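Some notes on the structure that comes next.
Keep in mind it's a predicted model, so treat the numbers as computed, not measured. Nothing fancy with the numbering, it's 1 onward along the sequence.
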Amino acid sequence: LTPKKYRWAVLLIADYGFFFMWSKFLLLYNVATTFMTYLFARKLSSMKKAPEGMDRKVFKKKKHRIFVVSVLLNLAVLVVLKYTNFIGSSVTSLWGGSFTALTIAVPIGISYYTLQCISYLSDVSNKKIEAEHNVFKLALYTSFFPTILEGPITRFNELSADLFAGYSITADNLAVGYERIIWGLFKKMVIADHLAPVVTAIFRDHSDNGGLCLIGAVFCTIQLYMDFAGTIDIAIGAGKIFGITITENFRQPFFAKNAGDFWHRWHITLGTFFRDYIFYPVSLSKPIQNLTKHLTKKGHKLLARYLGPSIALLCVWLANGFWHGPYWTYVFYGIYYFVFMIIEMFAEKPFETWCERHNLNVNGWGIRTFRFIKLFIIVIFGEMFFRASTFALGWKMFSNIFVSFNWKGCVSTLPYLGMDVWDYVTVSLAFIVVIIVSVLKEKKYPIRQKFEGMPLAARWGILYALIFS
């Protein structure tokens, strides 16, 4: 109904309406952050070259200082709202004191739109994109309602063309969008929401039974993945309805060959953000470059080769841990994956050499199965600590898996943790469906083309089966 050139404004109104329903007047934080980002970006974009009489190095330093201030101000809002109590309690505990937690309301999506603002400022500063002249169009990008809850973390140059194009809603996009939404709801409601009460009960009341702790770790991993991936499917489907292509955030992560590959497939947009805006800048920074040169001169070639990337990787995983939330369990979660990635960095080549020496195919079924089991163990224990309310609880559950494993207690307790027999059957069948689809995707099977080529009755039968389940 709206003229094409004003359709982006309809989306902006929808964004702010959605935001207001969740966070009421905390929407003003998003508005203020957007306006601040807009002003800094316009300033950075206007600084194309040094004015006459000013040294280029001085000009570059001035521009860099403005960029740093813009990033720090964005981070300051995030830190104050989300991490004040964490910092206060951590600092006072070091001095043996007590800290009274403050009641601070946090708007939805602040972790996501803050990173998007930072990526936008960085790309403008590096002349990858031009600063947006219309503050309301920038506001559409920083508050886009499908991605505001759980991402993906989009880049301005990836999304802006579709956001501002004002595409008509076509029958094809409507169908594809709703199919993706239904698939996401199936993952989230049939699998994740069924498992949620069981996971909560195990982590709250059954940390003494090692068998239940192991089941809780497995269920927690499945629940988290299905909830997150399902929500992303819903977001991508919602965008598709409006003709807006949102970046994929998952690519069959459990088919990865190691922890590093896992994070190339899990929360892809967060990984690429940390790679582009933390890993590369730290690796290429002057202190790291000077350290590498110094170690090379001293004859420590191996250390020179790996120390710089390792420091950059540590920065990435510390940021990853803190970004997930204000808890030490999340910081441990980041360090946990950092350690495994360092181990893989040094062990991958020797392992491949060992396989060659023993005539084992690195891509063969046996090695792939070994890698899958190894990765699954790494992931479920990582998610156990991620889900635990404290590090002490996570360690207790981890230890009890090996010292107090009670299988009979598991069997007798499981039916009374929030799911009955039919719930377990439902979740199992739904999970098998998701696994089959994931295997087909990994094998590059053209699922959508085949689905669209089915007779109408078959297509609608599948969709109604997902809806009614």
Q: Flag the pair F20 / F25 as yes when their ring centroid distance falls below 6.0 Å, and as no otherwise.
A: yes
**Q.** Closest contact, heavy atoms only, K374 versus K257
**A.** NZ-O, 3.9 Å
Q | SB check E356 K349 (cutoff 4.0 Å) | A | no
Q.
Measuring centre to centre across the rings, with the benzene-like ring taken for any Trp, is Y113 within less than 6.0 Å of Y141?
A. no
Q) Does any donor atom in the side chain of W328 or S90 lie under 3.5 Å from an acceptor atom in the other side chain? A) yes
Q. Charged N to carboxylate O below 4.0 Å: is that the case for K396 and D208?
A. yes
**Q.** Pairwise side-chain contact, V434 with S438, heavy-atom cut-off 4.5 Å (strictly under)
**A.** yes
Q) What do the steps show when you test F386 against Y330 for ring pair (Phe, Tyr, Trp, His ring centres under 6.0 Å), and what is the final call? A) CA-CA 6 Å; F386 184 86; Y330 294 157; 4.6 Å; yes
Q) So, R265 side chain and R251 main chain: donor-acceptor pair closer than 3.5 Å or not? A) yes
Q) Got more than 12 heavy atoms from elsewhere within 6.0 Å of CZ, R368? A) no
Q: Measure the spacing between CD1 of I246 and CZ of F144 and express it to the nearest 0.5 Å.
A: 5.0 Å
(Q) Tell me the closest heavy-atom pair linking V427 and V190, and the distance in Å. (A) CG2-O, 3.6 Å
Q. Given side chains that start at C-beta, do those of L81 and P107 come closer than 4.5 Å, heavy atoms only?
A. yes
Q: Report yes or no: does Y83 contribute a side-chain atom to a donor-acceptor pair with the main-chain N or O of F322 at less than 3.5 Å?
A: yes
**Q.** ring pair (Phe, Tyr, Trp, His ring centres under 6.0 Å) partner of Y120, the single match among F156, Y277, F273
**A.** F156
Q) With a 3.5 Å cut-off and no angle check, do the side chains of T154 and T247 form a donor-acceptor pair? A) no
**Q.** Spacing of CZ belonging to F262 relative to CD belonging to E344, to within rounding of 0.5 Å
**A.** 11.5 Å
Q. Hey, are the side chains of L291 and I311 touching, using non-hydrogen atoms and a 4.5 Å cut-off?
A. yes
**Q.** Heavy-atom pair with the smallest gap, counting every atom of F405 and G210
**A.** CD1-C, 3.9 Å
Q. Any side-chain heavy-atom pair from W395 and T390 closer than 4.5 angstrom?
A. no
Q | Y112 side chain to T142 backbone, donor-acceptor under 3.5 Å | A | no
Q.
Taking W354's backbone N and O only, do any of them form a donor-acceptor pair with H358's side chain (distance below 3.5 Å, no angle check)?
A. yes
Q: Kindly state whether the ring of W317 and the ring of W263 have centres lying under 6.0 angstrom apart.
A: yes
**Q.** Proximity of F250 and Y225 rings by center, below 6.0 Å
**A.** yes
**Q.** Closest non-hydrogen atom pair between C355 and I367, with its separation
**A.** SG-CD1, 4.0 Å
**Q.** Polar contact flag, side-chain donor to acceptor under 3.5 angstrom, N320-H324
**A.** yes
**Q.** Any donor-acceptor N/O pair, E348 side chain to N258 backbone, under 3.5 Å
**A.** no
Q: Check whether the side chains of N249 and T269 place a donor and an acceptor atom closer than 3.5 Å, and report yes or no.
A: yes
Q) Sub-3.5 Å donor-acceptor pair from the side chain of S412 to the main-chain atoms of G409, do we have one? A) yes
Q. Which heavy atom in I401 sits nearest to a heavy atom in C213, and how many Å separate them?
A. CG1-CB, 3.9 Å
Q | M189, CE atom: more than 12 neighbouring heavy atoms under 6.0 Å | A | no
Q.
Measuring centre to centre across the rings, with the benzene-like ring taken for any Trp, is F145 within less than 6.0 Å of F19?
A. no
Q: Determine which pairs satisfy salt bridge (Lys or Arg N to Asp or Glu O under 4.0 Å) with at least one residue from residues 407-432, sequence neighbours left out, and list them in order.
A: none
Q. Does any N or O in the side chain of Y337 come within less than 3.5 Å of the main-chain N or O of G260, such that one atom is a donor and the other an acceptor?
A. no
Q. If we only count heavy atoms from C-beta on, is the V198 to H206 side-chain gap below 4.5 Å?
A. no
Q: Give a yes or no on whether Y464 atom OH has more than 12 heavy-atom contacts from other residues, nucleotides or ligands under 6.0 Å away.
A: no
Q | Spacing of CD belonging to Q223 relative to OG1 belonging to T200, to within rounding of 0.5 Å | A | 6.5 Å
Q) Just by modelled atom types, is the S70 backbone N or O under 3.5 Å from a matching donor or acceptor in the N74 side chain? A) yes
Q | N/O donor-acceptor pair under 3.5 Å between S122 side chain and S119 backbone | A | no
Q: State, with a plain yes or no, whether a side-chain heavy atom of Y336 is found less than 4.5 Å away from one of T329.
A: no
Q) Say you draw a straight line from CG of D227 to CD1 of I232; how long is it, rounded to the nearest 0.5 Å? A) 10.0 Å
Q) In this structure, are over 12 heavy atoms from other groups packed under 6.0 Å from Y178 atom OH? A) no
Q.
Just verifying a value: how many Å separate F67 CZ and I118 CD1, rounded to the nearest 0.5 Å?
A. 8.0 Å
Q: Determine whether V79 and I87 make a side-chain contact, defined as any pair of heavy atoms from C-beta on separated by less than 4.5 Å.
A: yes
Q: Quick one: do F346 and Y306 satisfy ring pair (Phe, Tyr, Trp, His ring centres under 6.0 Å)? Show the steps, please.
A: CA-CA 9 Å; F346 288 101; Y306 287 107; 4.7 Å; yes
Q | Stacked cation flag R387 on F203, 6.0 angstrom / 45 deg | A | yes
Q. Salt bridge between D233 and K188, side-chain N to carboxylate O under 4.0 Å?
A. no
Q) Applying salt bridge (Lys or Arg N to Asp or Glu O under 4.0 Å), which residue pairs with at least one partner in residues 291-311 are found, sequence neighbours left out? A) none
Q. Counting N and O atoms only, with roles assigned by atom type, does the side chain of H294 sit under 3.5 Å from a partner on the main chain of N290, one being a donor and the other an acceptor?
A. no
Q: Would you tell me whether K82 and S111 have side-chain atoms, one donor and one acceptor, within less than 3.5 Å of each other?
A: yes
Q: Might you point out which heavy atoms bring T245 and L159 nearest each other, and give the distance in Å?
A: O-CD1, 3.7 Å
Q.
Are Y327 and F86 an aromatic pair, judged by ring center distance below 6.0 Å?
A. no
**Q.** Rounded distance (nearest 0.5 Å) linking atom NE2 of H300 with atom CG of L295
**A.** 6.5 Å
**Q.** Distance-only side-chain donor-acceptor flag, E383 / Y333, under 3.5 Å
**A.** yes
Q. Is the H267 to F228 ring centre distance short of 6.0 Å?
A. yes
Q: Check whether the ring centres of F381 and F398 lie less than 6.0 Å apart, and answer yes or no.
A: yes
Q) Do the ring planes of W323 and F274 sit parallel (below 30°), tilted (30 to 60°) or perpendicular (above 60°)? A) perpendicular
Q: Could you tell me whether E179 and R459 have a side-chain N and a carboxylate O separated by less than 4.0 Å?
A: no
